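In this text, all values refer to a predicted model and were calculated from it rather than measured experimentally. Basis for what follows: all heavy atoms, side chains included, without hydrogens, waters or symmetry-related copies. Order of appearance sets the numbers: ligands from 1, and atoms from 1 within every ligand. Quick note: residue numbers are just sequence positions, from 1.
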Amino acid sequence: MSDTIQQYKDFVLTGFVKAVQPVVVASAEGCIIHDASGKDYLDCFAGISVVNAGHCNPKVIAAAKAQLDKLIHCASYIYHSPATGELAEKLASIMPSPRLRKSFLANSGAEAVEGAMKAARLYTGKHEIISLHASFHGRTWGTLSITGNQGRKKRGGPYAPGVAFTNAPYVYRSPWPDDPRRCVDFWAQSLEDVIHFSTAGDVAAFIAEPVMGEGGIIVPPLDYFQEIKKVLDRHNILFICDEVQSGFGRTGEMFAIEHYGVEPDVLVTAKGIADGFPLAAFTTRDEIAASFKPGDHLSTFGGNPVSCAASLANIEYMLEEKLCDQALEKGQYLMDRLNRLKRDQPLIGDVRGLGLMVGIELVRNANKTPAAAEAEAIRDLCLAAGVLVGLGGVYGNVVRVQPPLVISKEQLDRAVGAIAHALEQVRTKVAPSTV
Ligand SMILES: Cc1ncc(COP(=O)(O)O)c(C=O)c1O
C-alpha cells in the first residue's frame, strides 16, 4: 500500500465518504491525471467541476507564481490588494447583467452562499429563504439548512428555521416527463402555494442552481426561470442564483442562467472561478451591496491575492480560447453519443445536460427504480479502465461527466467507450428481472 493511502487511513478524517478513490494523484495537466504508480487517467470530473481550463493551465500557473513572488496575503478587506480589485472588475465585466457589479470574494462555495443569503436578508429586511428539493448549496449549517437532500442533511439537524422548499424542476421524475411546459406551469403554481402556505410571508430570497449539479445534473426547461421570476417579482423576493457548479463556461455560457434570459439579484460563484485555486464570490447590484454596514461581514482569506491573480488569468484564458463555445459544441457531441448509447442500453433512463455538464441517470426498470449500485459499479469500472467520472443524484444513480472544457473529441470518444463497456459489463452481471 502506498504511503499516502496509509497516511489517509491513519490520519485523514474520511468517514464521510464511502471510500476515497484508489488513485494517488501525483500530477496532472489538461485532462490527464498521473497516478503515483505511473498510471494515467482521463479526468472527466475535473475535481468536481473545478478545473474548467484544464489541470495546471500554464497561464494560470504563471500568474499565480508572479503573484507569489510579490504578495501572498495582506487581508484583502483590511488593506487594498491590486489583484483583488482587478478580479472584482473583471467579474463585473463577465456577469450576465451590467447591474451585477459588486463582488464579495470568499474561499468556498458555501461561504459565498452564506454571504449571498445575508445580502438578501439585509437588503430586503425580510428573513425567510425558499429553496428547491434536490438542491445542494454547501456543508455549513446555514447552507445545509437550504439544501433539499436528506442524504446530505442527515445527522446534522435540526436546521435553521425560516426555510421552505418547493419542487425541483426535474422533468424526468415529474408527473409529466413528456410535457415540460405543463411541468413549468405546475412548478410556478407550486412556488405560489409554498409562499402562501409554508412561509410567514417574510421571504427574502429564492435560491436555485440553474443546472442542479449534486442533485443529478437536473436541467430545468428553458422557460422555467422566467415563470419563476414572475412569481418572485409579485412577492418582492430576490433571486439568488447559485452558479458554484454551473459557472465559468461549464454549460456553454459563462453562466448557466444566461441560457434562461433571467437576471439574478445575486450570483454566487466558486469552483471554476480560479481553475483549482480556492476562491469564491457573490456578486450583486450596487444597492444590494450598499446594505452591508461596518461589522456586517468579512473573511480573513477572502480575496486572497494569489487566488485572485490565478482567477484573472483563468478568465482571460477562457475568453481567449472561447471555452464557452467549446463547451457547447463538445457537450452536444457528447450528448449525441450518449443518446445513441441509450437506445441499446436499458439501464440508461435519461441523458441530460447543458454544455459539458452532463448526467446519465441509470434505472432498473420502466418504473425508474434508481440503479445506484449499478452507477457505482460503472464509476469503478471506468476508473479501472483509466477514465474518471463522477456520481451524483438524490438517489445516487447519476453518472456525471463534467470534464475540463479543454477536453478533445477523441478524449470524449474514449470516455464514452469506457462508459459503454462498463454499462455492458454491469448489465450482463445483473439478473435480467431487475433490468
Ligand atoms: C451548487 C453548489 N453550491 C455550493 C457548493 C458548495 O461549494 P464548496 O464545496 O466550495 O463549499 C457546491 C459544491 O459542490 C455546489 O455544487
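Scanning both residues, Phe277 and Ala310, for their nearest heavy atoms gives CD1-CB, 3.4 Å.
Taking the six-membered ring for Trp and the full ring otherwise, Phe225 and Phe239 have centroids separated by under 6.0 Å.
Ion pairing of Asp296 with Lys118 is absent here, as no side-chain N (NZ or NE/NH1/NH2) approaches a carboxylate O to less than 4.0 Å. Note on Glu214 versus Arg400: salt bridge recorded, some NZ/NE/NH1/NH2 to OD/OE distance being below 4.0 Å.
Residues with a heavy atom under 4.0 Å from ligand 1: Ser108, Gly109, Ala110, Phe136, His137, Gly138, Glu209, Glu214, Asp242, Val244, Gln245, Lys271.
Applying the side-chain contact (heavy atoms from CB on, under 4.5 Å) criterion to Arg337, with sequence neighbours excluded, gives Tyr333, Arg340, Asp413, Val416.
A cation-pi arrangement, defined by a distance under 6.0 Å to the six-membered ring centre and an angle within 45 degrees of its axis, is absent between Lys271 and Phe248.
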